[in-house]
Amino acid sequence: MQQTISVCHDCHRSIHRFVPREKDLGRYHNTVETLLEHEQIARFVAWVRDRN
């Protein structure tokens, strides 16, 4: 992995639950913007945001 982003522990676990293959993360979901384009990740982030 050449590029990383900082996320909280719960978000990190959820990202890997919804996109389990490291290659897919590296190829298609390697920025905050592309992660948020993933429907399940976007719903999780919205859920977390609403809780705070």
Report yes if some heavy atom in the side chain of L25 is under 4.5 Å from a heavy atom in the side chain of H16; otherwise report no.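 With C-beta onward as the side chain, the pair touches.
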
Pairwise distance [atom1]([X]) to [atom2]([Y]) - rounded to 0.5 angstrom:
X	Y	atom1	atom2	answer
I41	R17	CD1	CZ	10.0 Å
C8	R13	SG	CZ	10.5 Å
L35	I5	CG	CD1	4.5 Å
F18	E39	CZ	CD	10.5 Å

Cluster link Y28 to I15, ILVMFWY, side chain under 4.5 Å: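 Hydrophobic grouping puts Y28 apart from I15.
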
Let me check something: any side-chain donor-acceptor pairs from residues 43-50 under 3.5 Å, sequence neighbours excluded? List them with distances.
none

Would you say NE2 of H12 has more than 12 non-hydrogen atoms from neighbouring residues, nucleotides or ligands within 6.0 angstrom?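 12 or below, so no.
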
